[in-house]
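What you are looking at is a predicted structure, and each value in this text was computed from that prediction instead of being measured. Order of the sequence lines sets the chain letters (A, B, ...), proteins ahead of strands, with each chain counted from 1.
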Protein chains: 2
Amino acid sequence: MAHAPRPSKRTETRQEIERLILSAAEKVFANAGFKGATMQLIADAAGLPKANLHYYFTTKEDLYRRVVQDIFEIWLHAADSFDTAPDAATAIGAYIDAKMEISRRHPDGSKVWATEVMHGAPVIQDYLESTLRDWTDGRIKVIRNWIDTGQIAPIDPRHLLYMVWATTQHYADFGHQIETLNAGQPLSDADWHTAKAAIKSIILRGIGAAGSA
Amino acid sequence: MAHAPRPSKRTETRQEIERLILSAAEKVFANAGFKGATMQLIADAAGLPKANLHYYFTTKEDLYRRVVQDIFEIWLHAADSFDTAPDAATAIGAYIDAKMEISRRHPDGSKVWATEVMHGAPVIQDYLESTLRDWTDGRIKVIRNWIDTGQIAPIDPRHLLYMVWATTQHYADFGHQIETLNAGQPLSDADWHTAKAAIKSIILRGIGAAGSA
DNA sequence: ACACAACCTGACCAATCGGTCAAGAAAATT
DNA sequence: AATTTTCTTGACCGATTGGTCAGGTTGTGT
């Protein structure tokens with residue numbers, strides 16, 4: 001059954017440990033920032049001695065860079081619906097759903113990204129200027145096409161994108177504030193459903209995507 | 001003319017210096033986070049020797065707490081339009097304008113607030129649970145009233161508020177990303193006007209506040 | 001003019017942190 | 001079984017940082 005050159009037990013556990021460290025690092029970076037996160041805290045969260053972390057990731061910056069890059073990948077693929085959906089309303093609705101699901105499942109990743117950007121993107125500036133810029137330009141063209149074919153009202157595509165990003169990521173980045181305002185309770189399944197519905201309702205109606213009722 | 005007990009030269013300069021330090025601290029905290037901000041960096045930004053900072057603010061945490069509290073004050077008063085405006089569309093439009101203006105004029109403050117909340121609000125948790133919760137509940141009642149009187153569609157007031165917060169603050173917190181996607185240029189007057197118009201257009205139309213055309 | 005309080009600051013210290021290293025343990029290869 | 005490679009880890013180090021303090025300067029009230 002296993003035709004691919006089976007990975008040796010070594011490479012297998014190596015990847016497992018790397019994932020373990022990356023997961024612990026994501027959590028600690030999200031909750032303490034780059035400077036506030038110490039290698040010792042990450043090591044404790046991963047259940048490994050500190051020196052072992054430096055065997056897999058030579059420096060703290062290396063580890064951080066990997067965390068941010070992994071988030072960026074997840075982030076990019078959330079908008080595949082833009083190319084596959086049959087119409088604007090479906091595409092944007094699916095995009096909002098996907099981004100909300102990311103905010104729910106990967107809140108720590110979102111926080112790390114937010115902090116990185118807020119601090120001037122010291123380690124991923126090149127990604128912003130190349131990949132993200134190209135990606136954004138591409139989606140703007142798609143939105144322009146929706147406007148030209150009368151599927152949505154003539155709003156500024158750029159600010160529509162920003163609004164979707166801001167609103168969906170808010171539920172991850174400001175999750176603590178939202179939880180506090182929710183009587184200290186995490187959002188329930190129903191709460192998340194209500195949030196998604198409210199956001200899609202306002203935005204889709206707001207851009208005149210009638211096909212969403 | 002000066003009837004009020006004139007402040008001595010001492011208290012005058014004292015307040016000036018405190019403001020100078022607070023301003024420098026806000027900038028450094030915003031760009032480096034709490035841990036990343038060093039008292040030396042803040043001192044340099046303020047043009048004062050480090051030991052002098054400790055004369056006015058005993059600890060780094062004291063200084064940070066003051067910065068966050070000051071931001072919170074500005075933030076709260078941005079929604080006065082909720083009580084004074086004649087109708088929902090005017091009120092929400094004015095609130096969006098006010099919050100966008102804050103994002104433009106006080107981006108550093110917004111970033112400090114965002115980081116504080118993302119890290120679990122270690123120093124302002126009590127504000128979230130008291131002042132912010134009461135404030136939010138009050139505004140939700142106002143929005144409910146707008147719904148009951150048919151001024152806007154029956155959307156969830158809470159998520160409408162979150163959307164306004166998220167979208168407007170995005171222009172401060174993610175200003176660097178927006179600038180990068182804007183060919184590396186800061187938003188011009190015209191850009192800010194376009195952004196405000198797009199946001200108000202989508203949200204007001206999205207909640208069925210017809211009186212905004 | 002004098003005395004007292006408020007303010008300023010260079011030098012210093014203890015604590016913390018990222019990173020190193022040497023000495024071994026475990027696994028793969030021969 | 002021997003040998004080489006990969007992995008593990010406690011102990012350690014230099015650099016940085018928040019905070020202190022003693023001694024001096026400036027302003028205020030009498």
Side-chain angles (χ1 to χ4, degrees), chain A residues 2 5-22 24-68 112 115-116 119 122-123, chain B residues 2 4-22 24-29 31-68 112 115-116 119 122-123:
Chain A
R6 71 212 148 92
S8 70
K9 191 179 174 186
R10 274 257 163 92
T11 40
E12 231 174 54
T13 44
R14 170 155 206 134
Q15 285 177 346
E16 270 175 34
I17 293 177
E18 279 184 4
R19 269 195 295 272
L20 176 72
I21 295 175
L22 285 168
E26 182 180 274
K27 188 193 297 184
V28 176
F29 280 133
N31 292 319
F34 178 75
K35 267 283 186 178
T38 70
M39 292 301 273
Q40 189 60 62
L41 272 174
I42 297 171
D44 291 347
L48 295 172
K50 192 187 72 167
N52 208 349
L53 265 61
H54 279 100
Y55 178 77
Y56 287 95
F57 300 90
T58 43
T59 66
K60 183 181 172 183
E61 220 176 293
D62 272 350
L63 178 52
Y64 176 75
R65 199 187 314 270
R66 274 287 303 275
V67 170
V68 175
V112 174
T115 309
E116 164 69 11
H119 292 1
V123 318
Chain B
R6 71 213 147 91
S8 69
K9 191 180 174 185
R10 276 251 164 96
T11 40
E12 231 173 54
T13 45
R14 171 154 206 137
Q15 285 177 345
E16 270 175 35
I17 293 177
E18 279 185 3
R19 269 195 295 271
L20 177 72
I21 296 174
L22 285 168
E26 181 180 276
K27 190 192 298 182
V28 176
F29 280 133
N31 293 319
F34 177 75
K35 266 283 185 180
T38 69
M39 293 300 274
Q40 188 61 60
L41 273 174
I42 297 171
D44 292 347
L48 295 172
K50 192 188 72 166
N52 207 350
L53 265 62
H54 280 99
Y55 179 76
Y56 288 95
F57 300 90
T58 42
T59 67
K60 185 182 172 184
E61 220 176 292
D62 272 350
L63 178 54
Y64 176 75
R65 198 186 314 270
R66 273 287 303 274
V67 170
V68 175
V112 174
T115 309
E116 163 69 11
H119 291 3
V123 318

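If you measure from atom CG of A:Leu41 to atom C1' of C:dG18, you get 13 Å, rounded to the nearest angstrom. When the C1' atom of D:dT9 is taken as reference, atom OH of A:Tyr56 falls 12 Å away, rounded to whole Å. For B:Arg14 and C:dA6, the CZ to P distance is 9 Å, given to the nearest whole Å. Atoms CG (A:Leu53) and P (D:dT8) sit 11 Å apart, rounded to a whole Å. Counting to the nearest Å, the P atom of C:dA27 and the CD1 atom of A:Ile17 are 11 Å from each other. Atoms CG (A:Leu48) and P (D:dG10) sit 11 Å apart, rounded to a whole Å. Across the protein-nucleic acid pair, A:Asp44 atom CG and D:dT9 atom C1' stand 14 Å apart, rounded to whole Å. Computed from coordinates, the B:Asn52 CG to C:dA11 P distance equals 16 Å when rounded to whole Å.
Between B:Phe29 and B:Phe34, the angle of the ring planes stays under 30°, which puts this pair in the parallel group of the 30/60° scheme.
For the atom pair CG of A:Asp62 and CG of A:Leu53, the computed distance is 12.0 Å after rounding to the nearest 0.5 Å. The NZ atom of B:Lys50 lies 8.5 Å from the OG1 atom of B:Thr38; values are rounded to the nearest 0.5 Å. The distance from atom NZ of B:Lys60 to atom NZ of B:Lys35, rounded to the nearest 0.5 Å, is 6.5 Å.
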Verdict with supporting geometry, A:Leu20 and A:Leu48, side-chain contact (heavy atoms from CB on, under 4.5 Å): CA-CA 10 Å; A:Leu20 176 72; A:Leu48 295 172; 4.3 Å; yes
Reading nucleotides 15-23 of chain D 5' to 3', which nucleotides get B (base under 4.0 Å from a protein heavy atom), which S (sugar-phosphate only), which -? --SBBBB--
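Among the nucleotides C:dC8, D:dC7, C:dT9, the one closest to the side chain of A:Tyr55 is D:dC7.
The shortest side-chain heavy-atom distance between B:Leu63 and B:Tyr56 does not fall under the 4.5 Å cut-off.
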